[in-house]
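Remarks on the structure that follows.
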Amino acid sequence: PLLLFKATFMKVFTESGRILPIFLLGSIAVVIGALIAFALFDLGPIEPKIAATYTAAWIGGMVNMVALSEMTQLTPTEFSIAVGASAPVSIIGLIILCALPAIPAVRKHIPSRLIDETEADGNEGPSMQDEGVRFRMDHLIGALALSALICTGSQLLINSGWFPESWNIGTYNLFIITLITVLLANIFSRPMGAIEGDFELGMIFMYFFFAAIGASTDAVTFLSQAPIYFAFGLTIILVHIALVLLAAKLLKFDLAEMIIGSGANIVGAAPAAGIASSKGWKSLVTPAIATGMLGYAIANFFGLALFKLLG
């Protein structure tokens with residue numbers, strides 16, 4: 001829940017601008033990439049789980065990857081392999097996006113007013129300074145308490161007996177937590193938006209989780225299986241980038257907007273905003289954050305739908 005307190009749809013719709021349709025097209029492109037990878041590779045019975053988990057990760061972020069791993073019941077070793085193989089894929093995708101403005105053929109077919117203006121002004125470089133994160137004890141205690149209440153509420157709902165046993169609703173605990181948190185974030189957007197340090201605290205817990213998973217991983221299994229996971233994930237990312245480039249060409253999107261929209265898919269809100277800042281595209285920083293937060297809110301739904309389709 002700590003990672004979703006700022007996932008407000010109103011902010012996304014008012015601040016995302018032209019990045020939003022690119023991001024949504026990019027999300028569909030991730031799903032198409034996962035379907036193509038599913039057809040090309042044979043990972044055995046685990047393949048629907050990996051396809052769904054990677055889809056959630058590259059529409060939202062690591063929080064969604066964790067959620068789908070729980071919903072699809074990946075083992076700790078399987079999840080560790082999936083995470084380890086996905087990291088270099090994300091880096092490769094980021095490198096490709098950042099390199100696109102330097103490719104003449106891309107600039108010819110997908111022009112960019114923002115890139116042209118930035119190059120003409122000669123002001124490419126950091127356009128905003130990192131002011132740091134404020135950790136306020138009262139905010140953090142309140143955020144932890146609210147997070148605990150949401151998790152408890154989800155568990156009470158699962159144990160209520162309202163759902164048929166055949167639904168196996170217990171495996172969807174994180175899905176229910178996501179739904180409750182997103183609803184609260186949108187109903188009480190002002191007070192939840194004022195909380196400071198909640199997302200960063202959630203990421204700290206996420207890193208502890210990754211460390212615990214990594215410590216229990218079979219190293220031999222990881223080294224033997226990671227390459228095919230890497231190839232599976234790379235296929236998804238390459239298909240995604242190719243389709244988003246095609247959409248940008250056909251729909252006449254600005255290349256800079258296309259890069260940030262795709263980046264919000266592949267690497268999430270903060271890195272996408274970092275790209276916009278480092279390139280001097282000041283007007284795209286806020287849309288990058290807004291669409292990235294939308295990804296956290298909707299990625300679990302995409303991943304679960306794909307898992308049900310392929311499973």
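None of these values were measured; they are calculated from a predicted model.
For Asn64 against Gly60, the heavy-atom pair with the smallest separation is OD1-CA, 3.2 Å. Nearest heavy atoms, Ala143 versus Asp198: CB-CB, 4.2 Å. Considering all non-hydrogen atoms of both residues, Ala51 and Ala34 come closest at O-CB, 4.2 Å. Across all their heavy atoms, Ile22 and Ser262 have their closest contact at CG2-N, 4.4 Å. Between Lys279 and Cys98, the shortest heavy-atom distance links the atoms NZ-O, 3.6 Å. Nearest heavy atom pair, residue Ala29 against residue Val239, reads O-CG1, 4.3 Å.
Using a 4.5 Å cut-off on side-chain heavy atoms (C-beta onward), Leu294 and Leu20 make contact. The shortest distance between side-chain heavy atoms of Phe79 and Met65 falls below 4.5 Å. When side chains are defined from C-beta on, Trp281 counts as touching Ile259, because their heavy atoms get closer than 4.5 Å. The side-chain heavy atoms of Phe23 and Ile260, taken from C-beta on, include no pair separated by under 4.5 Å. Using a 4.5 Å cut-off on side-chain heavy atoms (C-beta onward), Thr291 and Pro287 make no contact. With contacts defined as side-chain heavy-atom distances shorter than 4.5 Å, the pair Leu35/Leu310 qualifies. Counting heavy atoms from C-beta outward, Ile50 and Leu74 have side chains that approach closer than 4.5 Å. With contacts defined as side-chain heavy-atom distances shorter than 4.5 Å, the pair Leu25/Leu251 qualifies.
For residues 138-155, the set of pairs meeting the salt bridge (charged side-chain N to carboxylate O under 4.0 Å, His left out) definition, not counting sequence neighbours, comprises Arg136-Asp138. Sorted by first and then second residue, the salt bridge (charged side-chain N to carboxylate O under 4.0 Å, His left out) pairs with a member in residues 246-258 read Arg18-Glu257; sequence neighbours excluded. Residue pairs that meet the salt bridge (charged side-chain N to carboxylate O under 4.0 Å, His left out) test with at least one member in residues 42-67, sequence neighbours left out, do not exist here. Applying the salt bridge (charged side-chain N to carboxylate O under 4.0 Å, His left out) definition to pairs two or more places apart or across chains, those involving residues 101-116 are Arg107-Asp116, Arg107-Glu119, Arg113-Glu117.
Side chain of Tyr54 to main chain of Ala82: a donor-acceptor pair is present (N/O by atom type, distance under 3.5 Å, no hydrogens or angles). Under the 3.5 Å distance criterion, the side-chain polar atoms of Ser277 are left unmatched by any main-chain donor or acceptor of Gly274.
Residue Phe38 holds its CZ atom at 8.5 Å from CG of Leu306, rounded to the nearest 0.5 Å. Note that the CG atom of Leu114 and the NZ atom of Lys282 stand 12.0 Å from one another [nearest 0.5 Å]. Here CG of Leu68 is found 9.0 Å from CZ of Phe307. Values are rounded to the nearest 0.5 Å. Note that CG of Leu245 is 9.0 Å distant from NE2 of His240, once rounded to the nearest 0.5 Å. Annotation: the span from Ile19 atom CD1 to Ile289 atom CD1 amounts to 12.0 Å, rounded to 0.5 Å. Of the inter-residue distances, the one linking Leu234 atom CG with Ile92 atom CD1 reads 5.5 Å to the nearest 0.5 angstrom.
Linking ILVMFWY side-chain heavy atoms closer than 4.5 Å, directly or via other members, places Leu149 and Leu179 in two distinct hydrophobic clusters. Both Phe301 and Leu183 belong to a common hydrophobic cluster when Ile, Leu, Val, Met, Phe, Trp and Tyr are linked at side-chain heavy-atom distances under 4.5 angstrom. Taken together through direct or relayed side-chain contacts under 4.5 Å among Ile, Leu, Val, Met, Phe, Trp and Tyr, Trp58 and Ile36 form part of one hydrophobic cluster. Under a hydrophobic-cluster definition in which Ile, Leu, Val, Met, Phe, Trp and Tyr are linked whenever side-chain heavy atoms come within less than 4.5 Å, directly or via other members, Leu24 and Leu246 are assigned to different clusters. Under a hydrophobic clustering in which Ile, Leu, Val, Met, Phe, Trp and Tyr are joined whenever their side-chain heavy atoms come within less than 4.5 Å, directly or via other members, Leu243 and Leu40 fall into the same cluster.
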Would Tyr296 and Thr178 satisfy side-chain contact (heavy atoms from CB on, under 4.5 Å), going step by step from the backbone distance to the final call?
CA-CA 9 Å; Tyr296 296 136; Thr178 299; over 6 Å; no

Report the C-alpha distance between Phe5 and Leu146 in whole Å, list the side-chain angles of each, state the deciding distance to 0.1 Å, and finish with yes or no for side-chain contact (heavy atoms from CB on, under 4.5 Å).
CA-CA 10 Å; Phe5 284 174; Leu146 179 57; 3.8 Å; yes

Run Thr181 and Leu2 through side-chain contact (heavy atoms from CB on, under 4.5 Å) and show every step you take.
CA-CA 9 Å; Thr181 309; Leu2 292 169; over 6 Å; no

Evaluate Ile103 against Leu100 for side-chain contact (heavy atoms from CB on, under 4.5 Å), listing each step before the verdict.
CA-CA 5 Å; Ile103 301 175; Leu100 289 177; 4.2 Å; yes

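Of the candidates Leu97, Val244, Ile91, Leu94, Ile266 forms a side-chain contact (heavy atoms from CB on, under 4.5 Å) with just one, namely Leu97. When each of Pro1, Cys151, Ser154 is tested with Ile180 by the rule side-chain contact (heavy atoms from CB on, under 4.5 Å), just one qualifies, namely Ser154.
Evaluation of the ring-ring contact (aromatic ring centres under 6.0 Å, His included) rule for Phe253 yields no partner, not counting sequence neighbours.
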Extract all donor-acceptor atom pairs below 3.5 Å that involve side chains of residues 185-195 and protein atoms in other chains or at least two apart in sequence.
unit_1, atom_1, unit_2, atom_2, d
Asn186, OD1, Phe9, N, 2.6
Asn186, ND2, Ala7, O, 3.1
Asn186, ND2, Val182, O, 2.7

